[in-house]
Protein chains: 2
Amino acid sequence: MTQYRRIFAEFMKRRGAKITHGRGAILEAVFDNHGHFDVEELYEQLKSRGERVSLATLYRTIPLLVESGLVRQAMRTDATTRYEHVWGHPRHLHIVCKHCGKVVEVELGDMAETLRTLGRNHGYRVEEITLCLRGLCRPCRQKGESDVPA
Amino acid sequence: MTQYRRIFAEFMKRRGAKITHGRGAILEAVFDNHGHFDVEELYEQLKSRGERVSLATLYRTIPLLVESGLVRQAMRTDATTRYEHVWGHPRHLHIVCKHCGKVVEVELGDMAETLRTLGRNHGYRVEEITLCLRGLCRPCRQKGESDVPA
DNA sequence: CCTGCAAATGATAATAAGTCTCATTCGCTA
DNA sequence: TAGCGAATGAGACTTATTATCATTTGCAGG
């Protein structure tokens, strides 16, 4: 059994929730998926594996994965919320091109601790850090930002 | 004429857009509004001033204000997008309580330049910085997070 | 000051992410 | 293996935001 599956199983038992076939399939899909994904993409991924999991179940399961600490919300674009699984993904910030949508990830490093301390100084116990830079990448600047965005 | 109105007028002329009564009213409402607001709140504010501006116009005008640099997107909650006008609001980060929704603002200070440089090192010209910490504030932690969120 | 036209507006339909409902099915514990 | 409460699917619902289109309005030029 993979480690994330064990973690998930323990979490679910602690929470008194059941591990159904659908939830297992979602977990596998999430961990197959290196990089960001949104609910719609995950849904397609499951369909192409031949899994029949409804969107409702996806929307119901993702909060469980987040709560278990296996998945985190990576960013909210203008349209949707994107997620990523946590393994091999240390905390990082995203740099997004406003024109073509390209995303670069940069590790937070010390900044994470700095920010957590800053939160603590204001009375908060920080649980999530969202740091996102938006601007234009070099190619889009050179092309004059005149093309249709991807 | 206020300074923001002059800036707006110049921006609109440069852009070949017209300054209608509605747009003027929206501008005034935005600058009356110290702190965050979302579209719905702005709409109510305008109604209570006796201005008849449709939601459609609001949704069409806010991007112009953002493009002009007078307003920026402050944060996206789970439900809506919140904005704030730029005057007297140096760049800052938000610390949000996941339970009661309380928001504290902290100035970014040097960190803004650090982040811009970081973006530049990856080939991006950074135009927006979104930095948000989420966690529990002290009162909510002490109350055990058991109450209904505000 | 008046005219004409492109741009702006309001009302409302459309879209789409996400949530809720409820009858049916399925994990799990005993 | 049975039984119960939790989970599921299908689709209705909600709500922020965008698009449509007939009508109105700002404003440049005469």
Side-chain angles (χ1 to χ4, degrees), chain A residues 1 5 8-29 36-47 49-68 71 73-83 148-149, chain B residues 1 5 8-27 29 36-47 49-68 71 73-83 101 148-149:
Chain A
M1 196 197 262
R5 212 171 170 109
F8 188 59
E10 279 169 22
F11 169 79
M12 294 297 267
K13 176 165 284 180
R14 227 180 310 123
R15 207 172 183 294
K18 295 170 183 169
I19 297 190
T20 60
H21 176 78
R23 287 174 173 176
I26 293 170
L27 183 68
E28 295 307 326
H36 306 138
F37 56 87
D38 62 21
V39 171
E40 204 60 37
E41 286 164 1
L42 203 55
Y43 183 60
E44 291 306 322
Q45 198 180 338
L46 283 160
K47 261 210 300 215
R49 284 168 165 236
E51 297 287 352
R52 245 168 287 129
V53 182
S54 72
L55 270 174
T57 297
L58 272 183
Y59 278 111
R60 284 188 280 234
T61 302
I62 288 179
L64 290 172
L65 292 169
V66 171
E67 203 183 324
S68 75
V71 169
Q73 185 178 316
M75 62 199 304
R76 282 189 65 133
T77 68
D78 283 342
T80 68
T81 305
R82 300 184 70 76
Y83 300 88
V148 181
Chain B
M1 198 196 263
R5 213 172 170 105
F8 188 59
E10 279 169 22
F11 169 79
M12 293 298 266
K13 176 166 281 179
R14 226 181 311 124
R15 207 172 182 295
K18 295 170 185 171
I19 298 190
T20 60
H21 177 79
R23 286 173 173 178
I26 293 169
L27 184 68
H36 307 137
F37 56 88
D38 63 20
V39 172
E40 204 59 39
E41 286 164 2
L42 204 55
Y43 184 59
E44 292 305 323
Q45 199 179 336
L46 283 160
K47 261 210 300 214
R49 282 167 167 236
E51 297 286 352
R52 243 168 288 128
V53 182
S54 72
L55 269 175
T57 298
L58 272 183
Y59 275 110
R60 283 187 282 234
T61 302
I62 286 177
L64 291 172
L65 292 169
V66 171
E67 203 183 325
S68 74
V71 168
Q73 185 177 315
M75 63 199 302
R76 281 188 65 134
T77 67
D78 283 341
T80 69
T81 306
R82 301 184 69 77
Y83 300 88
V148 181

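Keep in mind that the numbers below use all heavy atoms, side chains included, and drop hydrogens, waters and symmetry copies. Letters go in sequence order (proteins before strands), and every chain restarts at 1.
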OP1 or OP2 of [N] less than 4.0 angstrom from a side-chain nitrogen or oxygen of [X], does that happen here?
X: A/Thr20; N: D/dA6; value: no
X: A/Arg52; N: D/dG9; value: no
X: A/Thr81; N: C/dA17; value: no
X: B/Arg23; N: C/dT9; value: yes

What's the [atom1]-[atom2] distance between [X] and [N], to the nearest Å?
X: A/Lys13; N: D/dA6; atom1: NZ; atom2: P; value: 17 Å
X: B/Ile19; N: C/dA8; atom1: CD1; atom2: P; value: 11 Å
X: B/Glu51; N: C/dG10; atom1: CD; atom2: C1'; value: 15 Å
X: A/Asp78; N: D/dA16; atom1: CG; atom2: C1'; value: 12 Å
X: A/Leu46; N: D/dG9; atom1: CG; atom2: P; value: 10 Å
X: A/Tyr43; N: C/dA17; atom1: OH; atom2: P; value: 13 Å
X: B/Leu42; N: D/dA16; atom1: CG; atom2: P; value: 15 Å
X: A/Lys18; N: C/dT25; atom1: NZ; atom2: P; value: 15 Å

Between C/dG27, D/dT17, D/dG26, which nucleotide gets closest to the side-chain atoms of B/Val39? D/dT17

Run A/Glu41 and A/Arg82 through side-chain contact (heavy atoms from CB on, under 4.5 Å) and show every step you take. CA-CA 10 Å; A/Glu41 286 164 1; A/Arg82 300 184 70 76; 3.2 Å; yes

Has A/Glu28 got a side-chain atom pairing as donor or acceptor with A/Ala25's backbone, closer than 3.5 angstrom? no

Donor-acceptor pair, side chain of A/Gln45 and main chain of A/Ala29, under 3.5 angstrom: yes

What's the shortest heavy-atom distance between [X] and [Y], and which atoms?
X: B/Met12; Y: B/Leu64; result: CE-CD1, 3.9 Å
X: A/Gly24; Y: A/Arg5; result: CA-NH2, 3.6 Å
X: A/Tyr43; Y: A/Val53; result: CE1-O, 3.0 Å

Between the axis at one end of the helix from C/dC1-D/dG30 to C/dA30-D/dT1 and the axis at the other (five pairs apiece), what's the angle to 10 degrees? 40°

Evaluate the side-chain contact (heavy atoms from CB on, under 4.5 Å) criterion for residues A/Gln73 and A/Thr81: first the C-alpha distance (whole Å), next the side-chain angles of each, then the deciding distance (0.1 Å), finally the verdict. CA-CA 7 Å; A/Gln73 185 178 316; A/Thr81 305; 3.5 Å; yes

Spacing of A/Thr77 atom OG1 and A/Met75 atom CE [to the nearest 0.5 Å]: 7.0 Å

Which residue, A/Met12 or B/Arg76, contacts DNA chain D at a nucleotide closer to its 5' end, judged by nearest heavy atom? A/Met12

Mind listing the side-chain donor-acceptor pairs of residues 56-63 of chain A below 3.5 Å, one per line with the distance, residues two or more places apart or on another chain?
residue, atom, partner, partner atom, Å
A/Thr57, OG1, A/Ser54, OG, 3.2
A/Thr61, OG1, A/Thr57, O, 2.7

Please list residues of residues 53-65 of chain B whose heavy atoms come under 4.0 Å from any atom in DNA chain C, ordered by number; otherwise none. B/Val53, B/Ser54, B/Ala56, B/Thr57, B/Arg60

